[in-house]
Amino acid sequence: MNRLATLALVLTLSLAGSAAAQDFPTRPITMIVPFAAGGPTDVLGRLMAQHMGNTLGQNIVVEDVTGAAGSLGVARVARAPGDGYTIGIGHWSTHVANGAVYNLPYDLLTDLEPIALLPSNPFLIVTGNAMPAKNLQELVAWLKANPSATIGTAGVGSGSHIAGVYFQTFAGTHLSYVPYRGTDPALIDLMAGRIDMMFDQVSEAIQKLQAGQIKAYAVTAKNRLPSLPDIPTVDEAGMPGLYINVWYGLWAPKHTPQDIIAKLNRAAVAAMADPTVQMRFDDLSLDMPPPDQQSPAALGALQKAEIEKWWPIIKAAGIKAE
Ligand code: MLT
């Protein structure tokens, strides 16, 4: 092909690309949620999907693709065509921690395009109501006296699992990990007394806690939450520095055209700016990222910085997929 013909081809392809982006979306979009229905990722995903779908004029259909601490769902997004019709919600553990725990069949940074940073929340250390311990120190003492104590997680390498292992390095306790496909089924077993404790994200635990169905011992944040003023921070409860913040994001497969990413980002930003969505975030105690952090670039930068911070911690703690 001579240079003129090549130039014409490139021009035609890029015009076709931007026309496709202009019309996007012309059919429903699929949002992959990598954990069980009813859990914190699923609840936030559905909230975003509904509002973003209204903005974009097409339904966003949520599909829960669970297993292997969310990595099966993320793999589905990484393998999908980069046309904007498959996107995925994930968080600190799926898009940071999993890379240190699994030999992933995709690269977290190069096989995915960031779309938008979403809200975040810390964990609560929770037990069922039958737990006799009155505070975190008593809980640690109880765990030491009960070496067969169980902790529910969303799978090896999930946020709830890594938080548990991190806790053990502070507490010097032994825990048996019970994996689920998300924290929602684990929470059901916690309330039924089938497991002893959990690290559960505030957005999921808050309603059960306010209804008196579970107990909480500490929040993995530097400051007490305005929504739960009676729950001490880990510093106050005697585990200084056990901070974990689970931030969420949206990603598309690599090669998704930048103007489609920009359209999806605008829809996500519009959802987060909507007062009714903000009220729901407040109920769930989810913390909104500041407007200048809601861009694809800000999500990409945060993900990279968190990989640099957490991979050495996770590897030093010896957390590995069995
Ligand atoms: C879930 O949605 O079940 C949780 O986000 C899983 C986790 O990270 O522990």
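None of the values given here were measured: they were computed from a predicted structure. Keep in mind that the numbers below use all heavy atoms, side chains included, and drop hydrogens, waters and symmetry copies. Quick note: residue numbers are just sequence positions, from 1. Every number for a ligand or one of its atoms is a count from 1 in the order of the listing.
Here the rule is ring-ring contact (aromatic ring centres under 6.0 Å, His included) with Phe199, and of Tyr217, Phe167, Tyr166 only Phe167 fits it.
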Between the protein and ligand 1, which nitrogen or oxygen pairs come in under 3.5 Å, and how far apart is each?
| from | atom 1 | to | atom 2 | distance (Å) |
| --- | --- | --- | --- | --- |
| ligand 1 | 2 (O) | Thr41 | N | 3.2 |
| ligand 1 | 2 (O) | Thr41 | OG1 | 2.6 |
| ligand 1 | 3 (O) | Thr183 | N | 2.7 |
| ligand 1 | 3 (O) | Thr183 | OG1 | 3.1 |
| ligand 1 | 5 (O) | Thr41 | OG1 | 2.8 |
| ligand 1 | 5 (O) | His91 | NE2 | 2.8 |
| ligand 1 | 5 (O) | Gln201 | NE2 | 2.9 |
| ligand 1 | 8 (O) | His91 | NE2 | 3.1 |
| ligand 1 | 8 (O) | Gly159 | N | 3.4 |
| ligand 1 | 9 (O) | Ser160 | N | 3.1 |
| ligand 1 | 9 (O) | Ser160 | OG | 2.7 |

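Among all heavy-atom pairs drawn from Ile195 and Met198, the shortest one is CD1-CG, 4.1 Å. Here the shortest heavy-atom pairing between Gly164 and Ile151 reads CA-CD1, 3.9 Å.
Checked by atom type, the side-chain pair Asn121/Ser203 shows a donor-acceptor distance below 3.5 Å. Donor-acceptor pairing under 3.5 Å is recorded for the side chains of Thr276 and Asp274.
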**Asked** Under the side-chain hydrogen bond (donor to acceptor under 3.5 Å, both in side chains) criterion, do Glu113 and Thr256 qualify, and how do the steps go?
**Response** CA-CA 7 Å; Glu113 293 283 342; Thr256 304; over 6 Å; no
